[in-house]
Amino acid sequence: MNLEVFLGALFWGDAGCTANPIITHERSVFMRSDTLIEVLERWWHPPTSKQSGGRKPMEDFVLSCAGDLLEREVDSVAAWFRPPDDMLSKEKLTSVNFRAVGTELQTTRAPRLWSVIQRLAWTRRQQKENTVKNPFHVILTVISMLSYSRSHHSCLLTIVWSIYLKACGLSARSFDALHALGFTMSHKWATKAYTIISQTEQATTQKLIRDRSHFGSHDNVNIPMRVFSQQVHNMNHFISASAATIYILPKAAFLPPDISHRVKEQRRRASTSPFSLESVYMDETDAAGRIRAQARYRILRFLLDSPAFRSYKHHDDPLLAAPPPTDLLPCGPEHVTEQRILETVEVDESSYDGTDELCNKVWLRQMGLGDESMKKKLGDEGLLVWVGDQLTVDRIRGLARFRHDNPNSFTRMEWLEPVFGWFHALMAFANSLHAQYLGTSVGIGLRRAFETLARKGLLKTETKGVFWHHLNEALWHVGEANFLGMWASVGGVQDVSELASWSPRQLVALLDEIYETRVERAAQEEMDGLPAERKDGVERQMAMLSADLLAYFDLCEAMRIGDIGRMEDLLPTMLFRFVGGGNHKYAVEILELLQKLRMEWPAELRTYIRQYCWLVNFSGKRDGFLAVDMAQEHNIKDIKVTWRSFGPGATFPYIQKVSPAIPVLRAVKANIASQFSSVKGRGTHHGTPAKDEDVDRMIAMFRAFHAHSVEEGREIKGTEADHAPDYVSLGAIKLQSDGIFTRWWNDRSFKRATTEIYGTASSTNTHTANGTPAAS
């Protein structure tokens, strides 16, 4: 008997040896001993220079056994990688945690496969030296690709990457290349997935509308459609479309069931007389103390946030603390508003017919409220707040005015409550400052500041593009330089860095002097009362500019942190400004809002709109508030730019299809970014360049013009355009003397019908959008 026969018989090759108890015992002991491993290692690496000839069979054997072992693990994870049926829902797409999936594979489901790939992907030197980087995600991706290669049903991670890369704008060719590698699904699949996501989101939106408090907004979307080869049926054209968003409010948001009836009744009572105009002037007086405190603190912040005060040791002193908020909205995860984007439609909202089509048909149909029974219920019991820019709310009010004598509440549009968007009001405020203080290159107005800062495109106001962004940034830089210059001038120092040695009490005393002698209205009135030979025109205009800029900054800050009390305090100031500056449209919007706040809205609706329909917060952070119409503008940007498909296949139906899926795509991108530091590190916004040099330039300009010194008898240089009119004071006078308030009331005062007749075609369409009787 040779070794080959002996070993073959010993290890289950002979029936007698297999059954023999002594051999069985010895074989079992050997299989459990360390000697087995030693023998196998010597077979694999014989301790002799002579070849035994068994290397090739051993390699084939090891490869076969390892293959069987690893294949079992791959098979075992295949079912685990199968996605659920509702994988394309927002919850499932954002619930995939790559670290958790990989850890499960590494420790439980495929530890041997993970170990083998890790050894191949990571050298021993890398294991010792790389303390941060490791191939965790590489191994996870390899196992995912292996599973997908064996079965296209094992595509959990493949789906997530496909949706993410599609959301990032990966081209169709790149998609198909990655699909061939097993990393993503096909481009065709991803396109169909967008349709499924969109349909799922629309169904979810309708369910949320039935179950939760909500309101809406819409705005126009202008989309140029380009073609590469012009034919009769294929030409460049421009689409005037409309996009809408439904905002699902926190669970705490609530309106009583009878709110519709109460609003109708109070609206009818309020239609007989307007709010007291005198109360506007009284309210400005009541709010003056709060506005004064915020203005003083803004002046102080400019100093404390300057480079010279970065190491100031008294930043936390109570004397330098912020004043209390007026009416601060709560924040946190439980107060987050969820937005649901409706399908973009090719309807122009700028006309009454377009607004009628959108508000009474298109949006209601997408919200699941389009059938006649739902419209009747909406007219009888419903109330839907709708936010928009000035044109949007003016068109809605106009339709309601045209249809005031229609036979039922739905066609009279009593169920729709239009509210103007604060972002567009803020833009109008900035444009008003631009018109008031632009001046010429000779004077000391904004034109001179823009030239000093080399800012382009700011000489003519625009409502589109990035004009407001650039103007807003310039106003903040001009304001900061103005107040830093005041600190130095009134403090009697050459540079504000010298004030860093002052105590908080000294700074507060200097702050009071600055505000009381160089900013507040009382100081301006005192300057106006001086004899002509003692007046300083530059000092007077700089004081007016300072006060007006502080009101603008106060509104910006209040909107950012969610202080709706401060926003409401500024309504009289905004009204006077818009009247004095000739902005009739926004003066009407402020008057409309004051009438509703004081006369038309019951207390519950007034609280509801102030707390939930002026500002929204999608992050839960204290500084995460933004105006509703700004949120709508962000959605429009995503529709037009971020998730718009380019090329000859970029049709409007595709844009329409993608719109409802946008919140899901955002969530998927945010989820991926949160799990991969390299993605998260790129951020979501462009960085803002340092402004210190710009502010220093403006301070030097003000110093060269002696803008913050007092020189009796000095007049403003330049033309009449360099003498800025006092819009606020002019508006306060014109509002009463020019009959503006009376004309507004006469235009909006009308008596609504009270009938509730439904059931016939004529009862839901008795008038056209422009108010004329419909053809029978």
Legend entry - Lys/Arg-Asp/Glu bridge criterion (N-O < 4.0 Å) met for Glu589, Arg397: yes
Legend entry - Under 3.5 Å side-chain donor-acceptor pair for His723 and Arg540: no
Legend entry - Arg340 NZ/CZ over Tyr247 ring centroid, <6.0 Å and within 45° of normal: no
Legend entry - Selection residues 570-607 - residue pairs positive for ring pair (Phe, Tyr, Trp, His ring centres under 6.0 Å), sequence neighbours left out: Tyr281-Phe576, Phe578-Tyr586
For residues 733-744, tabulate all N or O donor-acceptor pairs below 3.5 Å that involve a side-chain atom, not counting sequence neighbours.
from: Ser737; atom 1: OG; to: Ile733; atom 2: O; distance (Å): 3.0
from: Arg743; atom 1: NH1; to: Asp738; atom 2: O; distance (Å): 2.8
from: Trp744; atom 1: NE1; to: Glu592; atom 2: OE2; distance (Å): 3.2

Legend entry - Side-chain donor or acceptor of Thr355 paired with backbone N/O of Ser351 under 3.5 Å: yes
Inset, instruction - Step by step, work out the ring-ring contact (aromatic ring centres under 6.0 Å, His included) result for Phe467 and His434. - result: CA-CA 11 Å; Phe467 175 80; His434 182 278; 5.7 Å; yes
Inset, instruction - With the side chain counted from C-beta on, respond yes when Trp415 and Leu369 share a heavy-atom pair under 4.5 Å apart, and no when they do not. - result: no
Inset, instruction - Sorted by first residue and then second, give each salt bridge (Lys or Arg N to Asp or Glu O under 4.0 Å) pair with at least one member in residues 568-581; sequence neighbours left out. - result: Arg290-Asp569, Asp548-Arg577, Glu568-Arg610
Inset, instruction - Using a strict 4.0 Å threshold on nitrogen-to-oxygen distance, state whether Glu600 and Arg748 make a salt bridge. - result: yes
Inset, instruction - Apply the side-chain hydrogen bond (donor to acceptor under 3.5 Å, both in side chains) test between Ser409 and each candidate in Lys375, Lys264, Glu381; give the one that qualifies. - result: Lys264
Legend entry - Heavy-atom side-chain contact between Pro274 and Met599 under 4.5 Å: no
Inset, instruction - Flag the pair Arg269 and Glu265 as a salt bridge only when some basic side-chain nitrogen lies within less than 4.0 angstrom of an acidic carboxylate oxygen. - result: yes
Inset, instruction - Determine which pairs satisfy salt bridge (Lys or Arg N to Asp or Glu O under 4.0 Å) with at least one residue from residues 623-632, sequence neighbours left out, and list them in order. - result: Arg560-Asp623
Inset, instruction - Before accepting this row, confirm whether a basic side-chain N of the pair Lys464/Glu462 lies closer than 4.0 Å to the acidic partner's carboxylate O. - result: no
Inset, instruction - Mind checking salt bridge (Lys or Arg N to Asp or Glu O under 4.0 Å) for Glu417 and listing every partner two or more places apart, or none if nothing turns up? - result: Arg267, Lys596
Legend entry - Flag if over 12 foreign heavy atoms under 6.0 Å of CD, Glu526: no
Legend entry - Residues which pass side-chain contact (heavy atoms from CB on, under 4.5 Å) with Met282, listed by chain and number, not counting sequence neighbours: none
Legend entry - Test side-chain hydrogen bond (donor to acceptor under 3.5 Å, both in side chains) applied to His218 and Glu349, step by step: CA-CA 9 Å; His218 78 250; Glu349 63 122 11; 3.2 Å; yes
